[in-house]
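Scope of the values below: all heavy atoms of this structure, side chains included, with no hydrogens, waters or symmetry mates.
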Amino acid sequence: MAAIPEKPVLEGLEDKWGAAWEEQGTYLFDRDAAKAAGRAGVYSVDTPPPTASGSLHIGHVFSYTHTDVKARFERMRGKTVFYPIGWDDNGLPTERRVQNYYGVRCDPSLPYDADFVPPFHGDAKSLKAADQVPVSRRNFIELCEELTVEDEKTFEALWRDLGLSVDWTQTYRTISNETIRTSQLAFLRSAERGEAYRALAPTLWDVDFRSAIAQAELEDREQQATYHRLAFGKTDGSGDIEIMTTRPELLAACVALVAHPDDERYQAYFGKTVTTPVFGVEVPVLAHPLAQQDKGSGIAMVCTFGDVTDMIWWRELDLPIRTIIGLDGRVVADAPEAIVTDEGKAAYAELVGLTVFSAKKKMVELLEGSGRLLEVGKPFMHPVKFFEKGDRPLEIVSTKQWYLTNGARDEKLKERLLELGREIEWHPEFMRVRYENWVNGLSGDWLVSRQRFFGVAIPVWYTLDENGEQSGVVFATADQLPVDPSTDLPAGYTAEQRGVPGGFVGETDVLDTWATSSLTPQIVGGWQRDEELWNLVAPFDVRPQGQDIIRTWLFSTLLRSALEDDRTPWANASISGFIVDPDRKKMSKSKGNVVTPADILAQHGSDAVRYWAASSRLGTDAAFDPQNPTQIKIGRRLAIKLLNAAKFVLGFPVPEGAEITDALDLSMLATLDRVVADATKALESYEHARALELSESFFWTFCDDYLELVKERAYDQTNPGQASAALALRTALETLVRLFAPVLSFAAEETWSWFRDGSVHTAPWPTPAGVEGDPAVLTAASEALIGVRRAKTEAKASQKTPVAVASITAPAATAAALRLVSGDLKAVGRIAELEISDGEAFAVTRIDLAEIDA
């Protein structure tokens, strides 16, 4: 046991105990103990792997603390805790960070340069894309590896400062060989079952990231738009049909006009054709129920593709594809075959190579010149689809992509996903509705391929026919994994056959980062790698995460588990709320109101920050003001008080053979029994804030009232009640330190070391001792103490002023309780004579201050 310092402080406890926990292996997963206890004796956590592409923010600290409190509680309850952590390395955010940090961009056509030195090692974010230095794919991936490793070191240091009780030997990366193997194996198994497939289809495309974007990665942002009224000529020469569009630049991609079947204005034209202005292409007028009669002129121009509705019309009306926007977001060189007139071709030539913005401007000029632009409306705001991490609106292009079935087009699978969602215990329960809304709102299968560089390679090759065209798919075998088709060979082929007719080409796309992150239970749990571990930890006990990624991470993980094992991946889902700024706006990098936690931890201490986080219930947003972090200051005060109260209590000697016999001592411990029972029940139900509130409320009563009431008796070794008081104080302290340990992890460990061996974090969680005391006695004593103090204050006297006579009236039961503690009341109040009588209500009716000799 450690010596009690003269002046206990919080400073330095993080380094002291962090090192001790590491040296002693306090939080290591004990497989032998797990095997002995069986699955029921293990508590396994599917911890979120934060994206290793920048810095952690205060929201991470908030939500990860919630998980840590629960993990620490379960560990003290005797569970063998499996608490790994990982880093989400691969994907678009990492590539963007590398570009902005080193001032480079990937050009796969370039050869590898073994001596390449990036032009920047810091902030190159202000560089335009054209000024970034192009590098080979291998050079780019090396830079991604280099920077993510450095970011992960910074992240780990912060998590250690915060006191996360994770097992650092179970750390994983989403780009390691082991993870790649797991991700590729799951993909191959899904492909074998027909769940993963490749298809040519319209794809939402980010022109900056040059990659397809899945539905789960979309967000709507308000953008300015303007309606343009255009005249399409009826091919029978009977006049025009006017349409209104916000995207005149896509006129060359027009394939039809669509109106609602019930719209009498256009019913006569259904099945007939009109001619597009400028380009002179004949397109049909068709009926479809998605057309809105009250929007614009009631008839819409269908282009391939202007928005998601165009995709639906194209598919359901069996329309042709006329692509004019390329993968770089510019108008492609080849005009659609439907443009056959010289005038139309000449007009299209003026658009070639322009960005969407410039093409719109040029198209308006062409329309004005043709006389077919009838009106330009006033600007208005409307929602536009963006990639959640992108800067420009998404375009829709037609590409071959890999998809994973997700229930959008399979009612049986969708119902199974909803059923599994109902099997999970949600904390809070209302978050389940968000999951169900997402499942019911799916509009297409999960697009899992990405046209990026730093990610898990899709493990396939394509055979080439005699003309060098792709003719078939060759899947990797399990024993080849992990594999990179851009450099590795398919079975039965030689390197000389790569890229030649009759040979093969390797897939260059990578899997969406969520396609790997959706397998975190499998990655950390040893799926298809360590059967013993998998059976000990899966299905996991809990998936903790933020509410904003229910649609991505939670859904996708549940989907993969359903496809692979037809079960839920975890028993519980604990969902944290957002951190909002003082104006109640969600903190995010895009809003520029993110607070990084390192300075907050350094300034206030980890326990104070943990207290702030644990004070908020799951699913509830918490406001954070870095200029006035009130809750953090309260937490720091509590942690300091725990140290000081412990030092005070441990100063009272406990005689050998001591027993607790005094009514006040028994009352205090009986009250504490209730707190232990209620706090335990709260933590079992993932209500950490309730458990903390109960423990803290009792602690302040213990310090402000009980300690004051019994300290004179505890000091006086000639008092027959001294042993009872000293033992009651020590017993309560031991319980309180354990109650606070999941939250005030450093202060609790420091305090525990003063009077107990081992770590408090592996000590048994307290249980009600069954003390036969009356909690009403402590309540009555506290009320009387407050009343006496108030009376002295009103008399403008010091609390140390002796009292000759004090009279208290109270209801009979309260009065009886007060008589049991009259000795302690007299001692703390310095009262010579205490009169207690029955009355209707509690009141201190008389305070006669003693005469003090001059």
Any Lys/Arg nitrogen of Glu150 or Lys153 sitting under 4.0 Å from an Asp/Glu carboxylate oxygen of the other? yes
Taking Trp570 for its side chain and Pro544 for its backbone only, find out whether a donor-acceptor pair lies under 3.5 Å. no
Is there a donor in the side chain of Thr520 and an acceptor in the side chain of Asp46, or the other way round, less than 3.5 Å apart? yes
Check whether any side-chain heavy atom of Leu736 sits under 4.5 Å from a side-chain heavy atom of Ser695, and report yes or no. no
Would you say the side chain of Arg610 lies within less than 4.5 Å of the side chain of Leu744, judging by non-hydrogen atoms? no
Tell me yes or no: between the side chains of Thr680 and Trp765, is some donor less than 3.5 Å from an acceptor? yes
Residue of the set Leu778, Thr735, Thr701, Thr731 for which side-chain contact (heavy atoms from CB on, under 4.5 Å) holds with Leu672: Thr735
Under 3.5 Å side-chain donor-acceptor pair for Gln522 and Asp565: no
Within 6.0 Å of CZ in Arg637, more than 12 heavy atoms from elsewhere: no
Are Asp541 and Ser44 linked by a side-chain donor-acceptor pair shorter than 3.5 Å? yes
Between Ser685 and Glu687, is there a donor-acceptor pair closer than 3.5 Å when you use the side chain of the first and the backbone of the second? no
Would you kindly say whether Trp527 and Glu564 are connected by a side-chain donor-acceptor distance under 3.5 Å? no
Spell out, as yes or no, whether a donor-acceptor pair under 3.5 Å connects the side chain of His604 to the backbone of Val609. no
Output a table of donor-acceptor pairs, distance under 3.5 Å, between side-chain atoms of residues 1-15 and any protein atom two or more places apart or on a different chain; print 'none' if there are none.
from, atom 1, to, atom 2, distance (Å)
Glu11, OE2, Arg636, NH2, 2.5
Glu14, OE2, Ser606, N, 2.8
Glu14, OE2, Ser606, OG, 3.3

Exactly one of Trp159, Tyr83, Phe155 clears ring pair (Phe, Tyr, Trp, His ring centres under 6.0 Å) with Tyr64, and that residue is Trp159
One thing to verify: whether Arg77 and Glu684 come together as a salt bridge, which I'm taking to mean a side-chain N less than 4.0 angstrom from a carboxylate O. yes
Where does the angle between the aromatic ring planes of Trp426 and Tyr435 fall among parallel (under 30°), tilted (30 to 60°) and perpendicular (over 60°)? tilted
Counting neighbours of CZ on Arg617 that are heavy atoms of other residues, nucleotides or ligands and sit closer than 6.0 Å, is the number greater than 12? no
Any side-chain donor paired with an acceptor under 3.5 Å for Ser615 and Gln631? yes
Cut-off 3.5 Å, side chains only: do Asp705 and Ser782 have a donor facing an acceptor? yes
Stepwise side chain to side chain contact (heavy atoms under 4.5 Å, CB included) test for Phe540 and Val524: CA-CA 11 Å; Phe540 281 59; Val524 298; 3.6 Å; yes
Does one side chain, of Glu749 or Ser759, offer a donor that lies under 3.5 Å from an acceptor on the other? yes
Check ion pair Glu693-Arg690 (N to O, under 4.0 angstrom): yes
Stepwise, does the side chain to side chain contact (heavy atoms under 4.5 Å, CB included) test hold for Phe652 with Val710? CA-CA 11 Å; Phe652 300 117; Val710 304; over 6 Å; no
With side chain to side chain contact (heavy atoms under 4.5 Å, CB included) as the criterion, how do Phe82 and Leu536 come out once you've worked through the C-alpha distance, each side chain's angles and the decisive distance to 0.1 Å? CA-CA 9 Å; Phe82 183 69; Leu536 284 173; over 6 Å; no
So does Glu734 pair up with Arg730, basic N to acidic O under 4.0 Å? no
Classify the ring geometry between Phe699 and Phe702 as parallel (under 30°), tilted (30 to 60°) or perpendicular (over 60°). parallel
Under 3.5 Å, is there a donor-acceptor pair between the Thr513 and Asp88 side chains? yes
Regarding Glu696 and Tyr611, do their side chains bring together a donor and an acceptor under 3.5 Å, going by distance alone? yes
Answer yes or no: is there a donor N or O on one side and an acceptor on the other, between the side chain of Ser561 and the main chain of Thr557, under 3.5 Å? no
Check this for me: does any side-chain nitrogen of one of Arg75 and Asp68 sit under 4.0 Å from a carboxylate oxygen of the other? no
